[in-house]
Amino acid sequence: MEPRAPLVPAKGALSIWRFPVAEALESQIDLTALPKEERLARMRHSAAHVLAEAMLELFPDAELGIGPPIDTGFYYDFRLPRALVPDDLVWLEERMRGSLAGRHPFVMSALTKDEAARRWAGQPFKLDLLADLEEGAVTQCTHAGFTDLCRGGHVAHTGEIPASFKLTSIAAAYWRGSEKNPQLQRVYGALFETAEELDAFERQLEEARRRDHRRIGRDLKLYDLFDEVGPGHVVWLPAGATIRRELERWIEDLELDRGYQHVRTPVVAKSELYKRSGHWDHYQEAMYPIMEREGEEYVLRPMNCPHHIMVFESELHSYREMPIRIAELGNMHRWEKSGQVSGMSRVRIMTLNDAHIFCTGIEQAESEVEGVLQLMEEVYGVLGLKNYRYRLSLGDPSDTTKYVHNPPMWEKGEALLRRVLQRARLPFHEAVGEAAFYGPKIDVQFQTAAGKDETLVTIQVDFHLPNQFGLEFVGEDGERHQPIIVHRGILSTMERMVALLIEEYEGNFPLWLAPTQAVVIPIADRHVEYAREVAAQLKSHRLRVEVDARNERMNGKIRDAQLRKIPYMLVVGDREAEAGAAAVRVRGGGDLGAVPVVEIAAELRRQRDEKSLMLWNHPAQ
RNA sequence: GCCGACGUAGCUCAGUGGUAGAGCAGCUGUUUCGUAAACAGCAGGUCGUCGGUUCGAAUCCGACCGUCGGCUCCA
């Protein structure tokens, strides 16, 4: 499988949007001389101005937020007297096209902070922006009688904005991205240089909708959700549970090979446990509410760490036993806010492929982190997933409520993780404010079909919990020492992993994961008996095979099997029954002709055991 | 959680104040068929829930529940 470019670039990602003041005042710009990225950014940002111009026509009292370019176009945030409706977008877009035809020049001018404060007196958000600007760096831009406080980055005139744009959606957005601030109405636009590129973008959106795990999950009967079971509480149907079981068996075997020990721990604990671990202070709003009986408080666990710490604590350990790798497919419960629960990728009850590695010290922790990265590369190689990036997720020293306060601990952890990434020569980026509350981590970020960034793998170095729980082991010197814990998830939660795989494979699972691996299709009723024999023979190799004995024509059965994305259709009629064979049809491929059943069994076993991404000379997808 | 839209049969959808519809899926029967949909019949809904307006509500209003698109948060 080739690496697939993200279908839809992340919406929030800002492109180049920084222009020195001197350059901003320059009105003569040769667009063709600019790199495409900057040219597009200028076009998109200019289009945002034109949108604001049209919006002021619709609502003269509109309060203006910001209107930056984004990777697929632009947006502009407004506070408006009423909610926008889709018809407003039609009207606004028409006005914008009128402004483009007018070829109005964008004219930048500089002004003092005092002048700007007077000029923008009626625009609270602009005043808020102005407060952060240095004297001498205040500029505004005028076109067609519309002026915006703006640092620049435009095209020369509105005629240079390509007509290949479209207002796409109305959304809500908090001012400056903080939920403490007022919520504004955001209008998104898509803008590309050519109509062909805009078309391609729209086709990508369509493609993303086709790959959506919620749609495919329903069509293939992988999972379901019920109002009365609750949002984010996934019901795995037999087909989806089969995929999950294969993944679980596989990862547990890989872990056993690498010296992990599996445990089973309860999904409920006394709140006391989480008070001690620190979850209570940093995580409580994300936990299910307390259950109280007989004067005791219990909670559903949001994380497995404290339970695995109990496993470590159940006896006194020697440095000779370490590292001790404790693993569990552990159920966790997190009270996600109602607006963010979605399909299987964002749920409230989930199973994490979790493990905690208890290490004697920095050196051992470092080597364990390396081992985890190697396991991760192996696992994702087998799954054929290549569309990911490493992120070093750091704490935010300025945020004392979100992270435990212990600067030396954070420094040690961050340095350790950075060293491992550098030694492994893995390209990574650093992100402040993305750490766990108890320590920094390496996250591996994947992109979903819809273009959203999701964390799958996470590796964390933790000096905090060993301290909270007073963990000890006996060292070579006979003294007591505090271990370091490496937390790690490889497959992520089973929910999120299966959601990602559905989208990655578009429901066309490789043989080893396919819920039904082959369906035997008798041509007429008299072939049903032979079909059952073929199926029995394959089932004796633990292949998941069905017989389609329905009263349908062969064509109909083939069509249904294709729609169910079953890897192999084994058509049997008189000729095949005679020869002890079946005509093999490959999903998405053609008829391979009759093949002896023993050979089919051998080939399918091989593909399954090798976890092949290919189906009998065809790509699995 | 916040803003907005949406909620009609298992699924996809039509129906905008006057007796609930279609296609697919399901069931029954006929057909026994060579690589992406045979034919016919039957059955299936207190229109998300609760309340209100009205002679009359799927349709208008309100609250709640859920879904979707964003924002914020996150495995």
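First the proteins, then the strands, lettered A, B, ... as listed; each starts at 1. What you are looking at is a predicted structure, and each value in this text was computed from that prediction instead of being measured.
Summarising the geometry, the separation between CZ on A:Arg564 and P on B:U35 is reported as 21 Å, rounded to the nearest angstrom. In this entry the distance linking CE of A:Met569 with P of B:A36 reads 10 Å, nearest Å.
For the pair A:Arg44 and A:Phe74, the cation does not sit on the ring face, since its NZ or CZ is not both under 6.0 Å from the ring centre and inside 45° of the axis.
Note on A:Arg334: a base of the nucleic acid sits closer than 4.0 angstrom, heavy atoms only. Base engagement by A:Arg346 is indicated by at least one non-hydrogen atom pair under 4.0 Å involving a base atom. Across all strands, A:Val347 comes closer than 4.0 Å to base atoms (heavy-atom distances). Nucleic acid contact class of A:Lys221 (heavy atoms, under 4.0 Å, all strands): none. Across all strands shown, A:Gln445 has no heavy atoms under 4.0 Å from either base or sugar-phosphate atoms. Here A:Gly177 lies in heavy-atom contact (under 4.0 Å) with sugar-phosphate atoms only. Using a 4.0 Å heavy-atom cutoff across all strands shown, A:Thr458 reaches no nucleic acid atom at all.
With a cut-off of 3.5 Å on both pairing distances, B:A20 has no Watson-Crick or G-U wobble partner at all. A 3.5 Å limit on both hydrogen-bonding distances identifies B:C68 as the Watson-Crick or G-U partner of B:G4.
In this model, the phosphate group of B:A75 is not approached by any side-chain N or O of A:Tyr283 to a distance below 4.0 Å at OP1 or OP2.
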Checklist entry - Are A:Tyr390 and A:Gln445 close enough, and set up right, to give a side-chain hydrogen bond (donor to acceptor under 3.5 Å, both in side chains), and what steps lead you there? => result CA-CA 6 Å; A:Tyr390 292 91; A:Gln445 300 298 111; over 6 Å; no
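Under the 30°/60° scheme for interplanar angles, the aromatic rings of A:Tyr75 and A:Tyr188 are found to stand perpendicular. Between A:Phe509 and A:Tyr505, the two ring planes are perpendicular [angle over 60°; tilted spans 30° to 60°].
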